[in-house]
Number of protein chains: 2
Amino acid sequence: MVFAKVSLVLSVYSLEYNYMETKERIIEGSMELFFKYGVRSVTMDMIASHLGISKKTLYENVKDKNTLVEMMAQHHFDQEQHDLEKLSNTTENAIDEIHQIAVQMKQMIRQINPILFFDIKRYYPKVWQLFDSQKYDCIGGYIINNLERGIKEGYYRPDLDVKVMMIFKMNQVEWAFDTDFFPITEFNLLDVQMQLFEHFIRGIVTKKGLELFEKYKEHEAN
Amino acid sequence: MVFAKVSLVLSVYSLEYNYMETKERIIEGSMELFFKYGVRSVTMDMIASHLGISKKTLYENVKDKNTLVEMMAQHHFDQEQHDLEKLSNTTENAIDEIHQIAVQMKQMIRQINPILFFDIKRYYPKVWQLFDSQKYDCIGGYIINNLERGIKEGYYRPDLDVKVMMIFKMNQVEWAFDTDFFPITEFNLLDVQMQLFEHFIRGIVTKKGLELFEKYKEHEAN
DNA sequence: AAACACCAAAGTTTCCTTAGTTTTTTTAGT
DNA sequence: ACTAAAAAAACTAAGGAAACTTTGGTGTTT
C-alpha cells in the first residue's frame with residue numbers, strides 16, 4: 001500500500017523527462033563547461049560526453065556550435081535579468097539595490113572563467129553584438145530606474161544626468177572586461193570590476209547616500 | 001456460504017501479495033545487477049533474464065528503465081535511512097554512533113561498484129538531483145543530531161557550528177566520489193572515503209572523545 | 001598582405017545495440 | 001480441451017560510439 005504510493009509518485013515525476021528537458025539540459029550542461037573553460041577549448045565532443053549523449057543526439061537538438069553559444073548566452077542573460085528584477089522589490093532603497101547588484105556581479109565573475117568573454121568577443125562576434133544591444137535596452141533601463149530611485153530618495157545627487165550615467169556605467173563594465181586594457185595575466189577581473197564599481201557609486205551619491213553606502217560595505221565585510 | 005466468503009478473501013489477499021512480490025523482486029533483482037555492473041551496462045534483457053521473467057512481464061510492472069533506476073535508488077535510500085535511524089537507539093554514545101555510520105558506509109562501498117554513482121550522475125541526472133535534495137533533509141538532519149548528541153555528551157567540541165559541519169561533511173562525501181578528483185584507476189574509493197571520514201572525526205572530537213574513538217578503532221581492528 | 005600547409009574540431013554518416021513493443025509459442029490451471 | 005498468462009522470439013525506432021568528411025584557425029613562407 002505504502003509502496004504503491006511511492007511508485008505512483010515516481011511515475012508522475014518521470015513524465016517530465018521529455019523534449020524540453022533535453023534541450024534545457026544541453027544548455028545548462030554546455031554553460032557549465034563554457035563558464036569553466038571558455039568556449040574555444042570546449043569541443044562538441046566534450047559537451048556530448050559531459051551530458052552522456054552522443055554527438056548525433058546533440059546535433060539533433062542544436063543546429064551548430066554557434067547556435068549553442070547564442071542559446072547559452074541568452075539563457076544566462078535571461079537569468080541575470082530575472083535576478084535583477086527581483087532586486088527592485090526586495091531592496092529597501094537605491095543604495096541597498098546597487099549594493100546588491102555589485103554582490104551579484106561579484107558572484108557571477110567568481111564562477112566564470114574570464115576567457116569566456118574573450119572567446120565570445122573574438123570568435124562569436126555576432127553573439128557579442130546581439131547582447132550588446134540587448135544590454136542597453138534591459139540592463140540600461142534598470143540602471144536608469146535605480147538612479148531615479150536614488151535621486152528621489154535623496155541618496156544620489158539630484159543634478160545627475162541619468163542617461164549619461166547609464167551609458168557611462170555600462171561602457172565602464174565592458175571596458176573593464178577588455179583584456180586589451182586589463183590583461184588577464186596582470187589583473188584580477190573581480191578586483192578591477194569591484195574597484196570601478198565602487199568608484200562609480202562614490203561619484204553619484206550624496207553625503208547621506210555615502211554614509212548609507214559605507215554602512216552596507218561594513219555589513220558585507222562582517 | 002461461509003466457505004465461499006473465506007475463499008473470496010483469500011483470493012483478494014493472494015492477488016495483492018503476488019503483485020507486491022513481483023515489483024519488490026524486480027527492484028531487488030535490478031539493484032543486485034546495478035550494484036555490481038553499474039546502470040549503463042545492465043540491459044533490461046539482462047534484468048528480465050536474471051529474474052527469470054520475460055521482458056514483457058518486466059514492462060508490465062515497470063514503466064521504463066528510467067523509472068526503474070529511480071525506484072531502485074529510492075529503495076536503497078530508504079534502506080540506508082532506516083539503517084541509520086536504528087543506530088540512534090542502539091548506540092551507547094555519539095562516538096559509537098558515528099563509528100557505526102563509518103562501518104555502514106564501508107559495507108555499502110564494498111558492495112557497490114563505483115561506476116554506479118558515475119552512471120547515475122551522468123545518465124540519470126534527475127535521479128541524482130532528486131536524492132541530492134533528499135539527502136540534506138534526511139541524512140543531514142541525522143548528522144546534526146549526532147553532532148548535538150556528541151556535544152551534549154562531551155565528546156565533540158562545544159564550539160562546533162553543527163550546520164556548517166553537516167554541510168561540509170555531506171559535500172566531502174560527494175566530493176570524494178568525484179572521479180575528476182580521485183580517478184578510479186588511481187584511488188581506492190573505500191580508502192579515500194575512510195581517510196576523509198577519520199579526518200573529519202578527529203577534527204570534531206574533544207580529548208575525551210578522541211580517547212573513546214581510539215578505543216572503538218582498536219576494537220574494530222581485532 | 002597573400003598563399004599555403006597543417007591539423008584539431010565542427011559537422012555528418014554509418015553501423016550496432018538496446019529500450020520498448022508486438023507477435024508467437026508454451027505453460028499452467030481448470 | 002480450453003483459456004489466460006507468461007515466456008520466448010521477433011520487430012521497430014531511437015540513440016550511442018565510432019568513423020569519416022569538411023571547415024576554419026593558426027603558423028610559416030614568400
Side-chain angles (χ1 to χ4, degrees), chain A residues 10-11 14-15 17-27 29-30 33-34 36-72 115-116 118-128, chain B residues 3-4 7-8 10-11 14-27 29-30 33-34 37-72 115 118-127:
Chain A
L10 289 173
S11 288
S14 294
L15 287 176
Y17 202 78
N18 57 25
Y19 170 76
M20 288 307 288
E21 171 89 0
T22 303
K23 205 157 205 177
E24 192 68 26
R25 270 190 70 221
I26 288 171
I27 294 169
S30 63
L33 293 175
F34 291 151
K36 207 167 185 179
Y37 305 110
V39 177
R40 281 282 279 177
S41 59
V42 174
T43 66
M44 296 300 266
D45 272 317
M46 265 173 75
I47 293 168
S49 187
H50 179 66
L51 290 162
I53 63 175
S54 71
K55 222 156 110 179
K56 176 180 161 185
T57 304
L58 178 59
Y59 278 103
E60 277 171 0
N61 286 279
V62 174
K63 180 171 172 291
D64 52 24
K65 192 176 181 182
N66 189 75
T67 306
L68 181 56
V69 174
E70 281 177 23
M71 287 161 73
M72 179 276 292
I115 204 157
L116 178 67
F118 178 82
D119 278 354
I120 290 180
K121 196 169 182 184
R122 181 163 177 182
Y123 300 113
Y124 300 87
K126 283 271 173 116
V127 177
W128 187 264
Chain B
F3 188 83
S7 175
L8 188 63
L10 286 176
S11 286
S14 83
L15 274 181
E16 186 174 335
Y17 181 79
N18 200 45
Y19 170 77
M20 297 300 286
E21 168 93 357
T22 303
K23 207 155 204 177
E24 190 70 26
R25 273 188 64 225
I26 287 171
I27 293 169
S30 63
L33 292 175
F34 290 152
Y37 304 110
V39 176
R40 282 281 278 179
S41 60
V42 173
T43 65
M44 295 301 264
D45 272 317
M46 266 173 75
I47 293 168
S49 185
H50 178 68
L51 289 163
I53 62 173
S54 72
K55 225 159 112 180
K56 179 180 161 188
T57 305
L58 177 59
Y59 278 104
E60 277 171 359
N61 287 277
V62 173
K63 179 171 173 291
D64 54 22
K65 192 176 182 182
N66 189 75
T67 306
L68 181 57
V69 173
E70 285 174 18
M71 288 161 72
M72 179 275 293
I115 204 158
F118 180 80
D119 278 355
I120 289 180
K121 193 168 186 186
R122 186 167 174 178
Y123 301 111
Y124 299 85
K126 281 284 184 159
V127 177

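Order of the sequence lines fixes the chain letters, A, B, ..., with proteins taken first and strands second; residue numbering starts at 1 for each chain.
- With hydrogens and angles ignored, no donor-acceptor pair under 3.5 angstrom links the side chain of A/Lys55 to the base of D/dG16.
- Of the side-chain N and O atoms in A/Arg122, one or more sit less than 4.0 angstrom from OP1 or OP2 of D/dT26.
- Under a 3.5 Å cut-off, the side chain of A/Lys126 and the backbone N or O of A/Glu70 do not form any donor-acceptor pair.
- Counting any heavy atom pair closer than 4.0 Å across all strands shown, B/Val62 reaches no nucleic acid atom.
- Along DNA chain D, the nucleotide nearest B/Gly52 and the nucleotide nearest A/Ile53 are compared for position; the residue whose nucleotide lies closer to the 5' end is B/Gly52.
- A straight line from CG of A/Asp64 to P of D/dT22 spans 18 Å, rounded to a whole angstrom.
- More than 12 heavy atoms of other residues, nucleotides or ligands sit less than 6.0 Å from atom OH of A/Tyr124.
- When rounded to the nearest whole Å, the span between CE of B/Met44 and P of D/dA8 equals 16 Å.
- Picking from D/dG25, D/dA6, C/dA19 the nucleotide with the shortest atom distance to the side chain of B/Thr57 gives D/dA6.
- With rounding to whole Å, B/His50 atom NE2 is found 18 Å from D/dA7 atom C1'.
- If you measure from atom OH of A/Tyr59 to atom C1' of D/dT22, you get 12 Å, rounded to the nearest angstrom.
- Rounding to whole angstrom units, CG of residue A/Asn61 and C1' of C/dG11 are separated by 15 Å.
- One interatomic measurement links the two molecules: NZ of A/Lys56 to C1' of C/dT14, which rounds to 9 Å at whole-angstrom precision.
- A/Asn61 is not listed as a side-chain neighbour of A/Ile53, based on a closest heavy-atom distance of 4.5 Å or more.
- Distances shorter than 4.0 Å separate some side-chain N or O of A/Arg40 from OP1 or OP2 on D/dT26.
- Rounded to whole Å, atom C1' of C/dT13 lies 12 Å from atom CD of A/Glu60.
- When distances are taken from the side chain of B/Ser54 to each of D/dA8, C/dG20, D/dT26, the shortest belongs to D/dA8.
- For B/Asp119 (side chain) and B/Gly38 (main-chain N/O), no donor-acceptor pair under 3.5 Å exists by modelled atom type.
- Taking atom CG of B/Leu58 as the reference point, atom C1' of D/dA8 lies 14 Å away to the nearest angstrom.
- Put simply, the side chain of A/Arg40 does not reach to within 4.5 Å of the side chain of A/Arg122, judged on heavy atoms.
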